Amino acid sequence: DAGVTQSPTHLIKTRGQQVTLRCSPKSGHDTVSWYQQALGQGPQFIFQYYEEEERQRGNFPDRFSGHQFPNYSSELNVNALLLGDSALYLCASSFYEVSYEQYFGPGTRLTVT
Amino acid sequence: GNSVTQMEGPVTLSEEAFLTINCTYTATGYPSLFWYVQYPGEGLQLLLKATKADDKGSNKGFEATYRKETTSFHLEKGSVQVSDSAVYFCALSGQGGSEKLVFGKGTKLTVNP
């Protein structure tokens, strides 16, 4: 049973560029949440997708957007990258009715130079 | 809003020592509480959870008890091993199914042989 997978593993971008990160949920899960983890900090909630709609959003600007596909996989897009966007981006999947029990992927390390 | 406060690290112990990592929370209602572990270069793994007051979560020798009267969920292990070296995150999720996780800042544990 495959767990949560994310791609790419690492990414280096320049300020002002745009980036897309991808996530495939654990088999059977229908909900995907995205978190940003800055170095030395705990993960911060970005948003959650269920039934291809954004259901909840944390305190992140509109530069952060997402999408969920019919197969439940998800993308996180960040526009106009800032140096402060450098972080580990974690995807977590769950069942919507029990979405407090989340399973995390290994993350994508984004470096903005 | 909901928040989690954990003891500052880093924590350095010798093998077979007793471990306590303090965690307190602020939340409305009856949140679910979690401990996650993050090994170097990896994503987060759920270590244990408790979903109501007085519940004790346990896994791999780690334990934590949901204390509503003191709003605490301290992590303990009687005898740590070198392989327990990691960063530990306390987290909570609000009531209801589709809730985000709110994390503490993490506590880095190093266990020396």
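Naming convention: chains lettered A, B, ... in sequence-line order (proteins, then strands); numbering from 1 in each chain. Computed over heavy atoms, backbone and side chain alike; hydrogens, waters and symmetry mates excluded. Since the structure is predicted, the reported quantities are computational estimates derived from the model, not experimental observations.
Residues Val4(A) and Tyr39(B) are members of separate hydrophobic clusters, defined by side-chain heavy-atom contacts under 4.5 angstrom among Ile, Leu, Val, Met, Phe, Trp and Tyr. Tyr72(A) and Ile46(A) end up in different hydrophobic clusters when Ile, Leu, Val, Met, Phe, Trp and Tyr side chains are linked at under 4.5 Å.
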Phe103(B) and Phe45(A): CA distance, side-chain angles, deciding distance, side-chain contact (heavy atoms from CB on, under 4.5 Å) verdict:
CA-CA 9 Å; Phe103(B) 287 87; Phe45(A) 176 75; over 6 Å; no
I'd like to know whether Leu88(A) forms a side-chain contact (heavy atoms from CB on, under 4.5 Å) with Gln38(B), so could you lay out the CA-CA distance, the side-chain angles of the two residues, the decisive distance to 0.1 Å, and finally the verdict.
CA-CA 12 Å; Leu88(A) 180 68; Gln38(B) 187 174 35; 3.8 Å; yes
Might you work through the side-chain contact (heavy atoms from CB on, under 4.5 Å) test for Phe104(A) and Glu42(B), ending with a clear yes or no?
CA-CA 10 Å; Phe104(A) 284 80; Glu42(B) 299 185 10; over 6 Å; no
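Of the inter-residue distances, the one linking Glu101(A) atom CD with Leu46(B) atom CG reads 6.0 Å to the nearest 0.5 angstrom.
Residue Phe47(A) does not touch chain B at all, counting heavy-atom pairs closer than 4.5 Å. Heavy-atom distances place no part of Gln6(B) under 4.5 Å from chain A, backbone and side chain included. Proximity to chain A (any heavy atom under 4.5 Å) is restricted, for Lys49(B), to the side chain, taken from C-beta onward. Heavy atoms closer than 4.5 Å to chain B are found in the side chain of Gln37(A), but not in its backbone.
Of the residues considered (Gly43(B), Gly9(B), Cys90(B)), Gly43(B) shows the highest number of contacts with chain A, using heavy-atom pairs under 4.5 Å. By number of non-hydrogen pairs under 4.5 angstrom with chain A, the leading residue of Gln45(B), Lys108(B), Lys105(B) is Lys105(B).
No more than 12 heavy atoms of other residues, nucleotides or ligands shown are found within 6.0 angstrom of CD1 on Ile12(A). Surrounding CG of Leu83(A) are more than 12 heavy atoms belonging to other residues, nucleotides or ligands, all under 6.0 Å away. Residue-environment remark: CD (Gln44(A)) stays at or below the threshold of 12 foreign heavy atoms within 6.0 Å. More than 12 heavy-atom neighbours from other residues, nucleotides or ligands sit within 6.0 angstrom of NZ on Lys68(B). Residue Asn71(A) qualifies as enclosed at atom CG: its count of foreign heavy atoms under 6.0 Å is above 12. Within 6.0 Å of CZ in Arg15(A) there are 12 or fewer heavy atoms belonging to other residues, nucleotides or ligands.
Gly42(A) and Phe89(B) make their closest contact through CA-CE2, 3.4 Å (heavy atoms, listed as atom of the first residue, atom of the second, distance).
Of the possible polar contacts, none joining the Tyr103(A) side chain to the Leu44(B) backbone as a donor-acceptor pair under 3.5 Å is found.
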